[in-house]
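The block underneath contains the structure these notes are about, expressed in structure tokens.
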There are 2 protein chains.
Amino acid sequence: MDLVLLTIRQGALHVLLIRRGIPPFTGQWALPGGFVLDGEGLDAAAARELHEETGLLPGHLEQLATYGDPGRDPRGRVFAVAYLALLPDLPVPVAGSDAAAASWQPLPIAGLAFDHDAILADGLERARSKLEYSPLATAFCPPEFTIAELREVYETVWRTRLDPRNFHRKVTGAAGFVEPTGETVIRDRGRPAQLFRRGSATLLHPALLRPGSSSQLTPMVTDSEDHVAEREVTE
Amino acid sequence: MDLVLLTIRQGALHVLLIRRGIPPFTGQWALPGGFVLDGEGLDAAAARELHEETGLLPGHLEQLATYGDPGRDPRGRVFAVAYLALLPDLPVPVAGSDAAAASWQPLPIAGLAFDHDAILADGLERARSKLEYSPLATAFCPPEFTIAELREVYETVWRTRLDPRNFHRKVTGAAGFVEPTGETVIRDRGRPAQLFRRGSATLLHPALLRPGSSSQLTPMVTDSEDHVAEREVTE
DNA sequence: CCAAAAGTGTTTGGTTTACACCCATGA
DNA sequence: TCATGGGTGTAAACCAAACACTTTTGG
């Protein structure tokens, strides 16, 4: 059982890694993991491991895939069921119980033990694509958040820039994605932002698609900000 | 290792099942499966099992999920990695090597051994959703096929009726989905249809979405065929 | 000629993008 | 007041559903 635990800290995607204290791959970074106990289901085992490593209850936890190629573990044939979890930023990195050290590492990262580079890559791609058609991005956020904070999640995970104005409309327009709390906050300078919490939807409609996945014609103007009046709006 | 092998026969979706010859669940239907051999990867084991059961090479084969809830096997804790394959209609159902009997069963079906009802349901849902954004429907077709035959695949898997005219345009308009062979055939009565083969795309763009997933307003007219002139086209 | 299936064209309406523009606050 | 971020309005382009209509065969 291996866990891909992702969070966003300081505007960058991080993954929880442990430094191995025993062979093989002693001293190398690896995904946290453990074993399934007697009488425990796979999902339950993943949730327990997650709690042991981070002290958190799973906001979102899903099975990723199972890895069992010969040679992935030098000790012999070992199968690993990988799980993916998306977590809000944590107060403390918390060290695992049995690991030499545990810490959040910014992505991209490579050189992990076993086939964990590949597992991490699969987890990342799964997270990226799930943001498109599920309201999962809220799992990275605290219980109450602003639209700009939610947009930062998308921009960080997709490594893209999104138009704040269109993003706002799409998110608030997708039924059940977010619900306003009625309160506002000032995060930085500027006009106060409304606070939202997760809605009840499990699927987004319409979906938010990653830019670049569509076949676009070249736009006439390539600037990224309003700067010149292109046209007078007569109203 | 369990296999969800789907095909379309006589306009209905079928799954390959074996009748168990040994306990537990003797005499009940179950998904075909087997064990991973030494030095064999998971994907390779699934491909080998598929070949043993059907004599076919995998057109499309992908890992579905891993099942390991306690109690799924009365003999004790057993983990099963499930694979999903979509196959063209086969000449012979072919009996498995070690199974008492193997045969294609039309869906829906229930009462399978172990947790195979749930595995089959997961496989079906995966197949349904993959038809939306991948050109996988062609895996159900022979090497050359007509657009109407491809549409039948979608209609069968989605249990929906699709507009033949819009479907034709969407399929031939999605880059790399299908390529015309240049030949035509007459399948039934009516105008001859062009033959196509799979294209090189791995992702559909734009995607074909299942009807009903979107939030639709009530249409003004509920008839299914052209029958009355609604409006004169002045041109 | 008629029925039936294949395939094209058109209209309508929703979605996306690219912006202009207004709003509310701290400095 | 100005800079800054929050949020709404709008037009062009694109996409999808509904359906009229043409083409090409068999009976």
Side-chain angles (χ1 to χ4, degrees), chain A residues 132 145-152 160-174 180 184-196 204-235, chain B residues 132 145-152 160-174 180 184-196 204-235:
Chain A
E132 296 193 32
F145 50 89
T146 66
I147 300 294
E149 285 160 356
L150 187 60
R151 176 165 48 82
E152 267 189 64
T160 315
R161 216 108 281 264
L162 298 172
D163 185 303
R165 299 155 290 188
N166 291 335
F167 182 84
H168 185 283
R169 208 177 348 216
K170 273 158 96 159
V171 166
T172 54
T184 60
V185 277
I186 299 170
R187 293 299 199 206
D188 205 359
R189 256 173 302 290
R191 171 172 168 181
Q194 293 181 65
L195 277 176
F196 292 83
L204 291 191
H205 200 83
L208 281 81
L209 298 176
R210 275 178 275 190
S213 56
S214 84
S215 52
Q216 293 283 78
L217 295 178
T218 340
M220 304 293 280
V221 177
T222 47
D223 294 318
S224 57
E225 284 303 319
D226 315 341
H227 55 123
V228 164
E230 289 279 320
R231 176 195 316 274
E232 269 304 84
V233 178
T234 52
E235 220 294 87
Chain B
E132 295 192 33
F145 50 87
T146 67
I147 299 295
E149 284 160 356
L150 187 60
R151 176 165 47 84
E152 267 188 63
T160 315
R161 217 106 281 263
L162 298 173
D163 185 305
R165 300 154 288 187
N166 291 334
F167 182 83
H168 186 282
R169 209 180 346 220
K170 275 159 96 160
V171 166
T172 55
T184 61
V185 279
I186 298 169
R187 294 297 198 208
D188 205 0
R189 254 174 300 292
R191 170 172 167 181
Q194 293 179 68
L195 276 176
F196 292 83
L204 291 192
H205 201 84
L208 280 83
L209 296 176
R210 275 179 274 190
S213 54
S214 83
S215 53
Q216 293 282 76
L217 295 178
T218 339
M220 304 294 280
V221 176
T222 47
D223 294 319
S224 57
E225 282 305 317
D226 313 335
H227 56 122
V228 164
E230 290 278 321
R231 176 193 316 274
E232 270 305 84
V233 178
T234 51
E235 219 294 84

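Note that this is a predicted model, so its numbers are computed, not measured. First the proteins, then the strands, lettered A, B, ... as listed; each starts at 1.
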Starting at CZ of A:R210 and ending at P of C:dT16, how long is that distance when rounded to a whole Å? 16 Å
Counting the atoms with a prime plus P, OP1 and OP2 as sugar-phosphate, which does A:A174 contact under 4.0 Å by heavy atoms, base, sugar-phosphate, or nothing? nothing
Taking every non-hydrogen atom, the tightest pair across B:Q194 and B:T184: CA-CG2, 4.1 Å
With side-chain contact (heavy atoms from CB on, under 4.5 Å) as the test, pick out the partner of A:E132 among A:L208, A:L209, A:L204. A:L209
Distance, rounded to the nearest Å, where B:R165 contributes CZ and C:dG7 contributes P: 14 Å
Looking at D:dG9, does its base get a donor-acceptor pair with the side chain of A:R169 below 3.5 Å? yes
So, is A:H168 close to the D:dG7 phosphate, meaning a side-chain N or O under 4.0 Å from OP1 or OP2? yes
What is the distance, rounded to the nearest whole Å, between atom CD of A:E152 and atom P of D:dG5? 11 Å
Nearest 0.5 Å, please: how far is OG1 in B:T146 from CD in B:E152? 8.0 Å
Distance col, row A:T172:OG1 vs A:F196:CZ, nearest 0.5 angstrom, shows 6.5 Å
Nearest whole Å is fine: how far is C:dA6 C1' from B:D163 CG? 12 Å
Between C:dT15 atom P and A:L204 atom CG, what is the distance in whole Å? 13 Å
Applying a 4.0 Å non-hydrogen cut-off, can you work out what A:R187 is touching in the nucleic acid: base, sugar-phosphate, or nothing? nothing
Where the side chain of B:N166 is concerned, which of C:dA18, D:dA17, C:dA6 is the nearest nucleotide? D:dA17
Nearest heavy-atom neighbours spanning B:A174 and B:P206: CB-O, 4.3 Å
Please report, rounded to the nearest Å, how far the C1' atom of D:dA17 is from the CZ atom of B:R161. 17 Å
Using whole Å, what does the distance between atom P of nucleotide D:dA16 and atom CD of B:E132 come to? 12 Å
Counting only side-chain nitrogens and oxygens, does B:K170 get under 4.0 Å of the OP1 or OP2 atom of D:dC15? no
Just compare C:dA6, C:dT15, D:dT8 and give me whichever is closest to any side-chain atom of B:A193. C:dA6
Are side-chain heavy atoms of B:P211 and B:L162 found at a separation under 4.5 Å? yes
In this structure, how many angstroms lie between the C1' atom of C:dT15 and the CG atom of A:L162, rounded? 16 Å
Contact under 4.0 Å: B:Q194 side-chain N or O vs C:dA6 OP1/OP2: no
Heavy-atom count check: over 12 atoms from other residues, nucleotides or ligands less than 6.0 Å from A:R161 CZ? no
Check nucleotides 24-27 of chain D for protein N or O atoms closer than 3.5 Å to its own N or O atoms and list the pairs.
{"from": "D:dT24", "atom 1": "O2", "to": "B:R191", "atom 2": "N", "distance (Å)": "3.1"}

